[in-house]
Protein chains: 2
Amino acid sequence: MKLEVQIKMNASLYLRDPEQSELGKNIIKFSIELIHKHGFEAFTFKKLAEAIGTTEAGVYRYFENKHKLLVYIISWYWGWLEFQIGYQTKNVTNPVSKLKKVITILATTVEDDIMTGHVDESILHQILISEGSKAYLTKQVSQDNKQEYFKPYKELCNTVGGIILECNSKYKYPHSLASTIIEVAHLQNFFMNNLPSLTDFSKSKNEDQIITFLNDLVFSSIEK
Amino acid sequence: MKLEVQIKMNASLYLRDPEQSELGKNIIKFSIELIHKHGFEAFTFKKLAEAIGTTEAGVYRYFENKHKLLVYIISWYWGWLEFQIGYQTKNVTNPVSKLKKVITILATTVEDDIMTGHVDESILHQILISEGSKAYLTKQVSQDNKQEYFKPYKELCNTVGGIILECNSKYKYPHSLASTIIEVAHLQNFFMNNLPSLTDFSKSKNEDQIITFLNDLVFSSIEK
DNA sequence: TATTTATGATAGTAATACTATTATTTAAAA
DNA sequence: TTTTAAATAATAGTATTACTATCATAAATA
């Protein structure tokens, strides 16, 4: 028997559920590949269709436009991360250890999870670093928010915020600190690899240094 | 006599220097307006030309494409901020006061600076919040970096990093903390206004709360 | 077996992101 | 002042993007 993790997705992100067909799964799989390879700006439904071996119209039957497809992919990742955090910290009782574990998960390029067939999480993590903020840095952010497109991200922030409060119930900014951890983990990773002088990690380009930096930042604030 | 602050720009960002003609100045002025109003994705040279009252080809004589124009505008802002920080902290000897002042400048919507004729800095600040990261979150980031497109941003980070070291010469991550302050100031502002549950500033939507959060974060880390 | 449903193949449109050409105006040099 | 150069305006044209629409066919389901 093959175990599969299913992330429940917001149905208004798609026209036809991509999990329910081979073509749908290929749309997700090749989108991740192409966005990673060429970047979101250069990514088009035509190129995607060619890569899959279908037609543009075929892709449009699943997703209205590439923005919704990006939001779908990113939401999926947040959902998967939420699951990972729950799973990997389920036996950790000490909140400080738990938060450290969470920071490590957020700042580390994960290995491909065999439980999610057509999705390569390590590539997805890279996409999140370079393209993640483009999901919400748009003029339609409020409409998208009303449609609950960012619910998985918010839930993750809420989970992390909860763990922060477990560490120190008097800390005043659990949500802001949670979103800061997530975003800074990605930003410092991007800077380290592309604009290294904006970081102090230039030499080794090692993700562990980002984790150390974040741990220092976070625990100084909440243990003060 | 009218005093004018001139920010020296990287000449490879443009084909013809926009500071040197009325049309050029209008390109900058209306770009800022249009990008702010409709967002960078919906911004085109055709719409810009119409707004100015010139033709598309006219705009292309100044800028190769809209990406370079965005980088130009954003670089200008970093250069202007660097000047502001130098100017507004020149008599502050206490490094902690200086860093607090810098955090306030970075996290506050500035008033329109009358010394820079055709540029409205308060709108530029808004553009930086929503569009700033799109300047570097591209596949060409390394080439752009080689051309020194991000020099003003790096210099600003370096300046802020220097002030951090003045506060505590043993602090290990001055550059990362500097880039974190700048980016988090913008991100938390965007979240506060658009995705408030990712922050703890939902009620009043006041920038002062972001400053308080950043001060807490920064000084906990460096004074530890 | 009939019929719904998904896919494939093809066409077409408006907008975007440019490049090129020529005419006209403006400003600087002779 | 005239000549010449440089900047701009007006127009046209191309390839690509971001879609929508139509119709035929294959596969799944009733």
Side-chain angles (χ1 to χ4, degrees), chain A residues 9 11-31 34-35 37-73 118 131 134-135 138-140 143-144, chain B residues 11-31 33-35 37-73 118 131 134-135 138-140 143-144:
Chain A
M9 299 298 296
S12 55
L13 280 171
Y14 51 76
L15 299 168
R16 206 197 292 303
D17 186 353
E19 302 272 3
Q20 301 303 316
S21 73
E22 258 333 286
L23 177 57
K25 283 176 190 167
N26 273 327
I27 288 174
I28 302 305
K29 187 183 169 201
F30 285 93
S31 296
L34 289 181
I35 293 172
K37 206 167 183 177
H38 307 296
F40 184 64
E41 282 73 32
F43 169 77
T44 70
F45 277 7
K46 190 159 188 216
K47 289 175 193 163
L48 174 61
E50 272 161 30
I52 299 171
T54 183
T55 57
E56 230 181 324
V59 178
Y60 276 104
R61 261 181 234 118
Y62 281 81
F63 288 96
E64 242 178 285
N65 53 54
K66 70 175 188 170
H67 175 247
K68 289 201 177 185
L69 177 49
L70 180 71
V71 174
Y72 180 96
I73 286 171
H118 55 295
E131 322 288 349
K134 293 171 191 170
T138 69
K139 279 284 158 185
Q140 341 123 43
Q143 288 139 262
D144 286 2
Chain B
S12 53
L13 280 171
Y14 51 76
L15 299 169
R16 206 196 293 300
D17 185 354
E19 303 271 3
Q20 301 304 316
S21 73
E22 260 331 288
L23 178 57
K25 283 176 190 166
N26 273 327
I27 289 173
I28 302 306
K29 187 183 170 204
F30 285 93
S31 296
E33 257 179 46
L34 289 181
I35 293 173
K37 207 167 182 177
H38 307 296
F40 184 64
E41 283 73 32
F43 169 78
T44 70
F45 276 7
K46 193 164 187 211
K47 289 174 193 164
L48 174 61
E50 272 161 31
I52 298 171
T54 183
T55 58
E56 227 181 326
V59 178
Y60 276 105
R61 254 179 251 117
Y62 282 82
F63 289 96
E64 240 179 287
N65 53 53
K66 69 176 189 169
H67 176 249
K68 289 202 176 183
L69 177 49
L70 180 70
V71 174
Y72 179 95
I73 286 171
H118 55 295
E131 322 289 348
K134 294 171 192 170
T138 68
K139 279 283 157 184
Q140 341 124 42
Q143 287 140 262
D144 286 1

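A note on names: the letters A, B, ... follow the listed sequences, proteins ahead of strands, and every chain is numbered from 1.
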Next item on the list: Look at A/Lys47 and D/dT17 and indicate whether a side-chain polar atom (N or O) is within less than 4.0 Å of OP1 or OP2.
Entry: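 A/Lys47 to D/dT17 OP1/OP2: side-chain N or O found under 4.0 Å.
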Margin query: For a quick test of reading the model: is some side-chain N or O of A/Ser21 closer than 4.0 Å to OP1 or OP2 of C/dA6?
Written below: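 A/Ser21 to C/dA6 OP1/OP2: no side-chain N or O under 4.0 Å.
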Just the rounded figure in Å: distance from [atom2] of [N] to [atom1] of [X].
{"X": "B/Ile27", "N": "D/dA7", "atom1": "CD1", "atom2": "C1'", "value": "12 Å"}
{"X": "A/Phe40", "N": "D/dT17", "atom1": "CZ", "atom2": "P", "value": "13 Å"}
{"X": "A/Leu15", "N": "C/dA6", "atom1": "CG", "atom2": "C1'", "value": "14 Å"}
{"X": "B/Ile52", "N": "D/dA10", "atom1": "CD1", "atom2": "C1'", "value": "16 Å"}
{"X": "B/Asp17", "N": "D/dA7", "atom1": "CG", "atom2": "C1'", "value": "14 Å"}

Note to self: As a test of reading the structure: which of D/dT8, C/dT7, D/dA9 is closest to the side chain of B/Thr54, going by heavy atoms?
What the structure shows: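 Of the candidates, D/dA9 comes closest.
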Next item on the list: Look at the aromatic rings of B/Phe43 and B/Phe40 and report parallel, tilted or perpendicular, splitting at 30° and 60°.
Entry: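 Aromatic pair B/Phe43/B/Phe40 classed parallel.
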Next item on the list: Given side chain to side chain contact (heavy atoms under 4.5 Å, CB included), test B/Val59 with B/Leu23 step by step and report yes or no.
Entry: CA-CA 9 Å; B/Val59 178; B/Leu23 178 57; over 6 Å; no
Margin query: Which residues in residues 55-68 of chain A have a heavy atom closer than 4.0 Å to any atom of DNA chain D?
Written below: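 Only A/Glu56, A/Ala57, A/Tyr60, A/Glu64, A/Asn65, A/Lys66 qualify.
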Next item on the list: For A/Tyr62, check ring-ring contact (aromatic ring centres under 6.0 Å, His included) against everything at least two apart and list the hits.
Entry: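 Expected list: none.
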Note to self: So for atom NZ, which belongs to B/Lys46, do other residues, nucleotides or ligands contribute more than 12 heavy atoms lying within a distance under 6.0 Å?
What the structure shows: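 Count not over threshold, so no.
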